[in-house]
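Please read these numbers as outputs of a predicted model, since none were measured by experiment. Values below: every heavy atom of this structure, side chains too, minus hydrogens, waters and symmetry copies. Order of appearance sets the numbers: ligands from 1, and atoms from 1 within every ligand.
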Amino acid sequence: MSEADCLFCKIVAGEIPAKIVHETDRTLAFRDVNPQAPTHVLVVPKDHYPDAAALAAVDHGLADDVLKAAHAVAEQEGVADSGYRLVFNTGAGAGQTVFHVHVHVLGGRGLTWPPG
Ligand code: 5GP
Ligand code: ZN
């Protein structure tokens, strides 16, 4: 289930290169091209859903898979113990720019609160 002209669908399809760090049957994780922390990885479901609200509405455990993959990435990156942040920017007003749902896994430095 992909959408034409979706950047992350193209990364999932291998049509646009990305530094892939983790993969499951239903998720893919790759490094953000413009990292905001030493660890900055994006975890996406391979199927196209536009945002976290759409992901939450599907009733087959996909959101669970994305969350588990995000934690696996944090462990793999060595930030699980020091602390890491998961961010779903949801909607343009929250800074979402790519409308294929993705969770940012950020870590490897101190993270302040509140976010900008
Ligand atoms: P959003 O602003 O939608 O929450 O996050 C989109 C993220 O995708 C941004 O952090 C941005 O740096 C990243 N991004 C945009 N284009 C590309 C790309 O072509 N490859 C990769 N790996 N990341 C991208
Ligand atoms: Zn997509």
Among the N/O/S atoms of H48, the Zn ion (ligand 2) lies closest to ND1
When you measure from atom 12 (O) of ligand 1 to every protein heavy atom, which one gives the shortest distance, and what is it? D32 OD1, 2.5 Å
Expected output: side-chain Q96 to main-chain G91 donor-acceptor under 3.5 Å: yes
Below 4.0 Å from any atom of ligand 1, is there a heavy atom belonging to F8? yes
With heavy-atom distances below 4.0 Å as the criterion, list the atoms of ligand 1 near N34. 12 (O)
Tell me the protein heavy atom at minimum distance from atom 22 (N) of ligand 1, and give that distance in Å. R31 O, 2.9 Å
N or O pair under 3.5 Å between I11 and ligand 1: no
Where ligand 1 meets F30 - atom numbers and elements under 4.0 angstrom, heavy-atom basis: 22 (N)
Is there a side-chain contact between D32 and H104, using heavy atoms and a 4.5 Å cut-off? yes
Would you check whether A18 reaches within less than 4.0 Å of ligand 1, judged by its heavy atoms? no
Do side-chain atoms of E3 reach the backbone of C9 as a donor and acceptor pair under 3.5 angstrom? no
Looking at ligand 1, is there an atom of it that comes within less than 4.0 Å of some heavy atom belonging to H104? yes
For residues H100 and Y49, establish whether the separation of their ring centroids is below 6.0 Å. no
Looking at V21, is its backbone amide N or carbonyl O close enough to the side chain of E23 to form a donor-acceptor pair, meaning the two atoms are under 3.5 Å apart? no
Ligand 1 versus L7, non-hydrogen atoms closer than 4.0 Å: side chain, backbone, both, neither? side chain
When you compare ligand 1 with L42, is there at least one nitrogen or oxygen pair between them that comes in under 3.5 angstrom? no
Taking the basic N atoms (NZ, or NE/NH1/NH2) and the acidic carboxylate oxygens, is any pair closer than 4.0 Å for E77 and R31? yes
Measure F99 to ligand 1 on non-hydrogen atoms and call it side chain, backbone, both or neither using the 4.0 Å cut-off. neither
Check whether any side-chain heavy atom of T39 lies under 4.5 Å from a side-chain heavy atom of L106, and answer yes or no. no
For the atom pair CG (L28) and CD1 (I20), what is the distance rounded to the nearest 0.5 Å? 4.5 Å
Touching ligand 1 at all, K19? Heavy atoms, strictly under 4.0 Å? no
Starting from atom 3 (O) of ligand 1, what is the nearest protein heavy atom, named by residue and atom, and what distance separates them? T97 N, 2.7 Å
Just do the ring-ring contact (aromatic ring centres under 6.0 Å, His included) check on F30 and F8 with the steps written out, would you? CA-CA 10 Å; F30 49 90; F8 289 173; 5.2 Å; yes
From the candidates V103, V33, L106, the one that places a heavy atom nearest atom 24 (C) of ligand 1: V33
Under a 4.5 Å cut-off applied to non-hydrogen side-chain atoms, are V103 and L42 in contact? no
Would I16 and V44 show up in the same hydrophobic cluster when neighbours are defined by side-chain heavy atoms closer than 4.5 Å? yes
What angle, in degrees and rounded to 10°, do you get at the Zn ion (ligand 2) when you join it to SG of C6 and to ND1 of H100? 110°
The protein heavy atom nearest to atom 2 (O) of ligand 1 is G95 O, 2.8 Å
With respect to N89, determine whether any N or O atom, backbone or side chain, lies less than 3.5 Å from an N or O atom of ligand 1. yes
If the cut-off is 4.0 Å to any non-hydrogen atom of H102, which atoms of ligand 1 fall inside it? 1 (P), 3 (O), 4 (O), 5 (O), 6 (C)
For the backbone of T112 and the side chain of R85, can you confirm whether one donor and one acceptor N or O come within less than 3.5 Å of each other? yes
